[in-house]
Amino acid sequence: MKKLAIIPAYNEQASILNTVRDIKMNAPEFDYVVVNDCSTDGTLDVCEKEGINCIKLPVNLGIGGAVQAGYLYGVRNGYDIAVQFDGDGQHSALYLEEMVDYLIDNSADMVIGSRFIKNEGFQSSRLRRMGIKHFNLLIKMLTGRSITDPTSGMRMVNGDVMRLFSEDYPKDYPEPESVVYIMSKGKKVLEIPVLMNERKEGISSISPTKSVYYMIKVTIAIFIARVRK
């Protein structure tokens, strides 16, 4: 079984090397690919200097486009399982094999690493927790399923979902929308508890000033994703 970690990266020069090292050390059965989304810092230089497997996007596509490029890479190279793994050091590769086992043992299509099942580790800011709660309630209203961490970027999928996402994936803030989309197609989505770290370097793409836009845009997108077939 071929397993791939997809690492979208935009201006992560301070953390990308440690992220790759984490995967090599704690999840050695996983291959990885960094998707450099036209970083304006030294992310690409670090990747080239350290011999890191890297896709160099010709234009900035945003998080959705970068992740979709990773899924397309996975499909074209025959991977059976793929996990999105943030390049900022917030995720831990120690959970990846556990996620694989949970995906297979439960015949799931997606497994999400959730911060909020046990409420341990870094819990994000108060403002973001409010947004996460909003999306949780919205998804439950539309699907009948509770997803405790719908914005988590630590998501593992099987080959079927990888192929689906390689063809059609949200471009902006894709996590909640893409979960609802595959659930509307009858896919099985589960969560397991994980600990996440606070970002130590770099700047999040979702600033406080973008939060209102984020809430409105993703809420509308979730409604649309629910009725898509």
Side-chain angles (χ1 to χ4, degrees), residues 2-79 81-97 99 113 121-122 124-125 128 151-157 162 165-166 169-175 178 194-211 213-214:
K2 294 182 66 177
K3 295 170 281 191
L4 176 68
I6 298 167
I7 309 171
Y10 178 73
N11 291 352
E12 301 291 2
Q13 72 173 49
S15 57
I16 193 64
L17 181 57
N18 285 335
T19 298
V20 171
R21 285 173 174 168
D22 180 27
I23 293 171
K24 288 183 174 180
M25 179 178 296
N26 294 307
E29 293 187 2
F30 274 78
D31 295 332
Y32 72 88
V33 61
V34 172
V35 184
N36 179 50
D37 193 22
C38 287
S39 296
T40 58
D41 66 354
T43 299
L44 182 58
D45 293 336
V46 171
C47 290
E48 292 179 339
K49 178 182 177 181
E50 299 294 334
I52 290 172
N53 185 31
C54 181
I55 295 172
K56 295 174 282 188
L57 297 181
V59 295
N60 179 269
L61 297 180
I63 180 64
V67 172
Q68 186 177 24
Y71 284 126
L72 184 58
Y73 175 95
V75 169
R76 289 181 174 176
N77 288 278
Y79 285 93
I81 287 175
V83 63
Q84 180 182 335
F85 197 87
D86 287 355
D88 58 13
Q90 292 193 72
H91 298 162
S92 171
L94 288 169
Y95 293 102
L96 295 189
E97 289 299 339
M99 292 177 74
F122 177 60
S124 193
S125 67
R128 291 197 182 185
T151 67
S152 171
M154 192 176 188
R155 297 123 50 81
M156 182 174 289
V157 301
M162 198 190 320
F165 283 165
S166 73
Y169 197 70
K171 297 302 182 285
D172 290 326
Y173 317 121
E175 287 82 10
S178 60
V194 300
L195 296 178
M196 292 190 185
N197 306 308
E198 186 173 3
R199 173 192 281 269
K200 295 181 174 60
E201 305 286 349
I203 300 173
S204 171
S205 61
I206 307 175
S207 65
T209 57
K210 291 183 179 178
S211 296
Y213 166 76
Y214 171 83

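Only heavy atoms go into these numbers, but all of them, side chains included; no hydrogens, no water, no symmetry mates.
What you find for Ala69 and Val35 is that their closest heavy atoms are CB-CG1, 4.2 Å. Nearest heavy-atom pair across Arg155 and Ser178 is NH2-OG, 2.8 Å. Contact detail for Val194 and Gly113: the closest heavy-atom pair is CG2-C, 3.5 Å. What you find for Leu44 and Cys54 is that their closest heavy atoms are CD1-SG, 4.2 Å. The two atoms that bring Ala9 and Val34 nearest to each other are CB-CG1, 3.9 Å, heavy atoms only. Between Val67 and Pro8, the shortest heavy-atom contact is CG2-CG, 3.9 Å.
Taking CG of Asp45 as the start and CD1 of Ile16 as the end, the distance is 13.0 Å to the nearest 0.5 Å. Put simply, CZ on Phe85 and CG on Asp22 are 4.5 Å apart, with the number rounded to the nearest 0.5 Å. Atom CD of Gln13 and atom CG of Asp41 lie 4.0 Å apart (nearest 0.5 Å). Rounded to the nearest 0.5 angstrom, Tyr71 OH and Tyr79 OH are separated by 14.5 Å. Atom NE2 of His91 sits about 4.0 Å away from atom CG of Asp86, to the nearest 0.5 Å. With rounding to the nearest 0.5 Å, the separation of CZ in Arg21 from CD1 in Ile52 is 8.5 Å.
Remark: the backbone N or O of Tyr169 is paired with a side-chain donor or acceptor of Lys171 at under 3.5 angstrom. The backbone N or O of Cys38 sits nowhere less than 3.5 Å from a side-chain atom of Asn60 that would complete a donor-acceptor pair. With Gln68 contributing its side chain and Ser166 its backbone, the two residues share a donor-acceptor pair below 3.5 Å. In this structure, the side chain of Tyr32 engages the main chain of Asn53 through a donor-acceptor pair within 3.5 Å. One N or O on the side chain of Tyr95 and one on the backbone of Leu195 form a donor-acceptor pair closer than 3.5 Å.
Taking the side chain as every heavy atom from C-beta outward, Phe165 and Val75 never approach each other to under 4.5 Å. Contact of the Val157 side chain with the Ile81 side chain is not registered, since no non-hydrogen atoms from C-beta on lie closer than 4.5 Å. Looking at heavy atoms from C-beta onward, Asn26 lies out of side-chain contact with Ser92 at the 4.5 angstrom threshold. Residues Met154 and Met99 have side chains in contact (heavy-atom distance under 4.5 Å, counting atoms from C-beta outward). Counting heavy atoms from C-beta on, the side chains of Ile23 and Ile7 come closer than 4.5 Å. Between Lys3 and Met156, the closest side-chain pair of non-hydrogen atoms is not below 4.5 Å. Side chains of Val83 and Ile6 form no contact here, defined as non-hydrogen atoms less than 4.5 Å apart. Counting heavy atoms from C-beta on, the side chains of Asn77 and Tyr73 come closer than 4.5 Å.
If you check the side chains of Asn36 and Ser39, you find a donor sitting under 3.5 Å from an acceptor.
Residue Asp37 is tested with Leu57, Thr43, Asn11 for a side-chain contact (heavy atoms from CB on, under 4.5 Å); the sole match is Leu57.
Here Glu29 does not pair with Lys2 in a salt bridge; the nearest charged N to carboxylate O distance is not below 4.0 Å.
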ask   = When you look at Gln90 and Ser15, which way does the side-chain contact (heavy atoms from CB on, under 4.5 Å) test go after all the steps?
value = CA-CA 10 Å; Gln90 292 193 72; Ser15 57; over 6 Å; no
